[in-house]
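Since the structure comes first, as structure tokens, the remarks are kept for the end.
Every chain is numbered from 1 and lettered A, B, ... according to where its sequence line falls, protein lines coming before strand lines. Hydrogens, waters and symmetry mates are skipped; everything else that's a heavy atom, side chains included, is used.
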Number of protein chains: 2
Amino acid sequence: MDGRRGGREDGDAGTWNGDPRRRGRGVALGHRGQPTRGPRPALTLAGIAGAAIRVADEEGLDAVSMQRVAAALDVTKMALYRYVASKAELFAVMTEIAVGEPPVLSGVRGGWRRKLERWAELLRTTWREHPWIPAVTLGDRLMGPRETGWTEAAVAALEGTGLTGAERMDAVSLLGGHVRNTRSAAGTQPWTADRRLSPLLADLVRRDKERFPALVAAIDEAGRRPDDSGWTFGLARILDGIEQLVASRSGD
Amino acid sequence: MDGRRGGREDGDAGTWNGDPRRRGRGVALGHRGQPTRGPRPALTLAGIAGAAIRVADEEGLDAVSMQRVAAALDVTKMALYRYVASKAELFAVMTEIAVGEPPVLSGVRGGWRRKLERWAELLRTTWREHPWIPAVTLGDRLMGPRETGWTEAAVAALEGTGLTGAERMDAVSLLGGHVRNTRSAAGTQPWTADRRLSPLLADLVRRDKERFPALVAAIDEAGRRPDDSGWTFGLARILDGIEQLVASRSGD
DNA sequence: ACACCTAGTGTCCCACAGACACAGTTCCTC
DNA sequence: GAGGAACTGTGTCTGTGGGACACTAGGTGT
């Protein structure tokens, strides 16, 4: 089953050169600079990444081993190293493909706020389909052009607001960070743990009522809330904050 | 060197029972419920966690292997499993110890905003000393009592603001998330990569000026900025947003 | 003195990332 | 058309990691 090779998960993802200190040949996400000498490649970078993405989506990031991905393509693990210099690079390519083409916000009416709102929602949707993205995009790494394209779109939406360049970038960072947090923070806060994890922490909190009185009060008062409560709340707060800054700028 | 055992990194961290489905004996972060039968333990949970924390602080989280930690304590790797059920549990104990005692904000004058500001700064400081914490506190997991105590402190600061219980929790989540992001997002955004990583991405962005015009403009206008620019910006925006909500509530 | 519990050890297994040499392909050049 | 040259996928090997399990040595109750 699923023994198909390659897999055209994606047609053209631009010029993504992976780790250039290792591979001089023009490596792109598909056909590009094919050397004309040896046997034809049985795989494509996009196909490999696609298989890896499928594994990650279905079984989690930890299930993504070179072995596993290779098996899904009916190849040996070492074959993958012809396309990818390391597992880290595989993750990079996976990310670049999974984030998809950056959105076009010019069609969104209503000024920067509506545009950013839309941008954040789209990003959130994309990341929801690939829950492993937050974990992979953590720490020092290279960003691919599509990923950069997402940032570009958001920064562009803030042009003409009177914010400085640094402020525009910080604002986008802030918003993107919120998406990341609400996508990856399951269980990080006690109430989310309360909702989905063992009742252990809830026990701890409730048993030590005198130790966490404010928390107990808040939890009891909150009751059942929708899953995306933190998302909408934070989004509104952040945009309100930015709006206030924008207003103060145009008030000069 | 550093062959000292135990290590009293921490005196009393409360009742942290790790994974209770596995260990019935009263395991605390130090002396507690010592059985009186066999040979004296050569180690303590706190000592082990302390050694692991030291490794993580100095060489990064990836350097924390059972072998490595055991070696630092002059013990076999398997000896650690007498104190810890799994590596995940070791991480949990490390975190619980590393976050430290939650702050007391009652001494902070100036209302909830100043309190939260202080809270966030303290959290940030703590996390700065242990840069691995964001990575470890990601995903589903249990929160220890001290960690919960941090949340408690922040939620308590919001009492009397007119916010609902859910809003109080969401606000704290939002703030904590911001700390997490500005602590772990190095290289996640193109300009931070620009600053500290290879010039590769900067090249990409600049070479494709026509592809990322808004980004180029923002970067050029921003120039050199302090490292914590994103931090202070986001903090101010978030607090402004919360303040607006608080105001609207008291205006009812 | 003996039994019983307990702590650290030694040995084993499996999964994983990656190095490296090799064999089979395909085209370019003489 | 015959050899390379260049290249792709394979087989094999090493090192490192987490963890299971049986065992030995140490200490305390009866």
Side-chain angles (χ1 to χ4, degrees), chain A residues 3 5-6 18-19 21-27 31-45 47-48 51-52 55-56 59-94 136, chain B residues 3 5-6 18-19 21-27 31-45 47-48 51-52 55-56 59-94 136:
Chain A
R5 304 198 163 196
D19 184 359
R21 97 200 96 110
R22 227 202 84 121
R23 28 191 54 232
R25 51 192 162 129
V27 178
H31 32 72
R32 168 72 88 87
Q34 271 119 334
T36 174
R37 211 69 73 105
R40 324 203 146 77
L43 310 170
T44 62
L45 231 196
I48 293 172
V55 173
E59 302 172 49
L61 195 62
D62 287 343
V64 178
S65 70
M66 299 308 265
Q67 315 247 22
R68 188 83 181 59
V69 175
L73 296 166
D74 274 317
V75 204
T76 328
K77 144 185 89 159
M78 288 315 290
L80 304 183
Y81 285 99
R82 290 276 170 202
Y83 300 81
V84 157
S86 66
K87 197 183 180 181
E89 195 175 306
L90 174 61
F91 280 166
V93 179
M94 285 172 66
V136 169
Chain B
R5 302 193 165 202
D19 183 0
R21 97 199 95 111
R22 225 203 85 122
R23 30 193 52 234
R25 50 191 160 128
V27 177
H31 32 72
R32 168 75 88 88
Q34 269 117 335
T36 174
R37 211 66 75 108
R40 284 160 199 114
L43 309 171
T44 62
L45 231 197
I48 293 172
V55 173
E59 302 172 50
L61 195 62
D62 287 342
V64 178
S65 70
M66 299 307 267
Q67 315 247 23
R68 186 81 180 64
V69 174
L73 295 166
D74 273 318
V75 206
T76 329
K77 142 186 90 160
M78 288 315 291
L80 305 183
Y81 285 98
R82 291 277 168 199
Y83 300 82
V84 157
S86 66
K87 198 186 179 181
E89 194 175 307
L90 174 60
F91 280 167
V93 180
M94 284 172 67
V136 169

Regarding B:Met78, tell me which of base, sugar-phosphate or nothing describes its non-hydrogen contacts under 4.0 Å with the strands shown.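 Counting heavy atoms under 4.0 Å across all strands, the contact made by B:Met78 includes a base.
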Any idea which of [options] is nearest the [X] side chain?
X: B:Ser65; options: D:dT10, D:dG18, C:dC16; result: D:dG18
X: B:Ala79; options: D:dG18, C:dG8, C:dG18; result: C:dG8
X: A:Arg82; options: D:dG9, D:dG11, C:dT9; result: D:dG9
X: B:Pro41; options: C:dA7, D:dG17, D:dT10; result: C:dA7

Using the closest heavy atom to pick a nucleotide of DNA chain D for each, name whichever of B:Val64 or A:Lys77 lands nearer the 5' end.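 Of the two residues, A:Lys77 wins.
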Do any N or O atoms of the protein come closer than 3.5 Å to N or O atoms of nucleotides 24-30 of chain C, and which pairs are they?
| residue | atom | partner | partner atom | Å |
| --- | --- | --- | --- | --- |
| C:dT26 | O2 | A:Arg37 | O | 2.7 |
| C:dC27 | OP1 | A:Arg40 | NH2 | 2.4 |
| C:dC27 | O4' | A:Arg37 | O | 3.4 |
| C:dC27 | O3' | A:Thr36 | O | 3.3 |
| C:dC27 | O3' | A:Thr36 | OG1 | 3.4 |
| C:dC28 | OP1 | A:Thr36 | OG1 | 3.4 |

Protein-nucleotide distance ([X], atom [atom1]; [N], atom [atom2]), rounded to Å:
X: B:Leu80; N: C:dA7; atom1: CG; atom2: P; result: 13 Å
X: A:Met66; N: D:dT12; atom1: CE; atom2: C1'; result: 17 Å
X: B:Leu90; N: D:dG17; atom1: CG; atom2: P; result: 14 Å
X: A:Asp74; N: D:dT8; atom1: CG; atom2: P; result: 20 Å
X: B:Lys87; N: C:dA15; atom1: NZ; atom2: P; result: 18 Å

Check this one for me: any side-chain N or O of B:Tyr83 less than 4.0 Å away from OP1 or OP2 of C:dA7?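 Negative; the distance criterion is not met.
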